[in-house]
Structure formats: structure tokens, C-alpha cells
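Okay, structure first, notes after.
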Amino acid sequence: MAPGKQPTMEELAERIIYSDRYSDDRFEYRHVILPKAMLKYIPKSYFSPDDSGLLRILEENEWRGIGITQSLGWEHFEVHAPEPHILLFRRPLPAKR
């Protein structure tokens with residue numbers, strides 16, 4: 001990227017950080033850290049209507065649409081309020097036989 005040039009959404013998506021997975025007895029979890037600059041490119045309709053600056057819980061097509069890539073089964077279930085660029089995801093653990 002050239003000095004002084006604003007990064008594109010695609011360039012920012014390449015800088016998304018995915019945590020290692022961790023789990024409890026019901027779910028597998030991971031958090032996804034968006035580059036802070038990406039927040040200004042995300043549609044306003046993706047944010048909570050209370051003007052808190054927090055993203056609302058996103059549907060799969062929405063989070064995939066902003067560049068988050070994960071295998072099937074993950075759901076966005078929480079935003080880390082102190083840091084609105086951190087999204088928490090989970091998916092059910094496979095049933096034990």
C-alpha cells in the first residue's frame with residue numbers, strides 16, 4: 001500500500017487475526033480480531049442501533065461478507081465490548097458416542 005493511501009476492505013481482510021480454538025464441554029470457541037480501520041468500512045446497519053459503536057450479532061452471510069473466513073458451523077455470538085473490533089464465535093462440539 002502506498003504511503004498516505006487508505007487501505008481497501010480487501011487489504012484489511014488480509015490482516016484479520018484468528019485465535020486458536022478453545023472449548024468447554026458444549027462448544028468450541030474462537031475470537032476474530034478485525035483491524036480497527038476495518039470498522040469504518042462496515043455497513044452502518046451492522047452496528048447496534050444504540051450508538052454504542054458495537055457491532056450487533058452478525059449473520060453468517062454478513063460476517064463472511066466483510067472478509068471473515070472460517071469453516072462451516074461457526075456462529076457469531078458476542079462482541080467484546082471494550083474492544084468492538086473483537087468478535088467471538090462458537091460452534092457446537094460433535095456429539096460424543
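In this text, all values refer to a predicted model and were calculated from it rather than measured experimentally.
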Seminar exercise, completed: Shortest non-hydrogen pair, G73 vs P92, comes out as O-CD, 4.3 Å
Exercise. What pair of heavy atoms forms the shortest contact from A13 to G67, and how long is it?
Worked result: CB-CA, 4.1 Å
Problem set entry | Whether H31 side chain and S19 backbone form a donor-acceptor pair below 3.5 Å | no
Exercise. Just wondering, more than 12 heavy atoms not from N61 lying within 6.0 Å of its CG?
Worked result: yes
For this session: Might you confirm whether atom CG of D24 has over 12 heavy atoms from other residues, nucleotides or ligands at distances under 6.0 Å?
Result: yes
For this session: Just do the side-chain contact (heavy atoms from CB on, under 4.5 Å) check on E60 and W74 with the steps written out, would you?
Result: CA-CA 8 Å; E60 183 174 355; W74 290 98; over 6 Å; no
Please say yes or no: joined through hydrophobic side-chain contacts below 4.5 Å, possibly via intermediate residues, are [X] and [Y] part of one cluster?
X	Y	value
Y41	I66	yes
F27	I86	yes
F89	Y18	yes
I33	I16	no
L87	Y46	yes

Could you state the interatomic distance from [atom1] ([X]) to [atom2] ([Y]), rounded to the nearest 0.5 Å?
X	Y	atom1	atom2	value
L55	I42	CG	CD1	5.0 Å
Q70	R30	CD	CZ	5.0 Å
R64	T69	CZ	OG1	7.5 Å
E78	L54	CD	CG	10.5 Å
L34	R15	CG	CZ	11.5 Å

Problem set entry | Q6, M38, K36 screened by side-chain contact (heavy atoms from CB on, under 4.5 Å) with L12, the one that passes | M38
Problem set entry | Min side-chain heavy-atom separation R21-R91 under 4.5 Å | yes
For this session: Measure the shortest side-chain to side-chain distance between W63 and V32 over non-hydrogen atoms and say whether it is less than 4.5 angstrom.
Result: no
Problem set entry | Non-neighbouring partners of E59 that pass salt bridge (charged side-chain N to carboxylate O under 4.0 Å, His left out), sequence neighbours left out | none
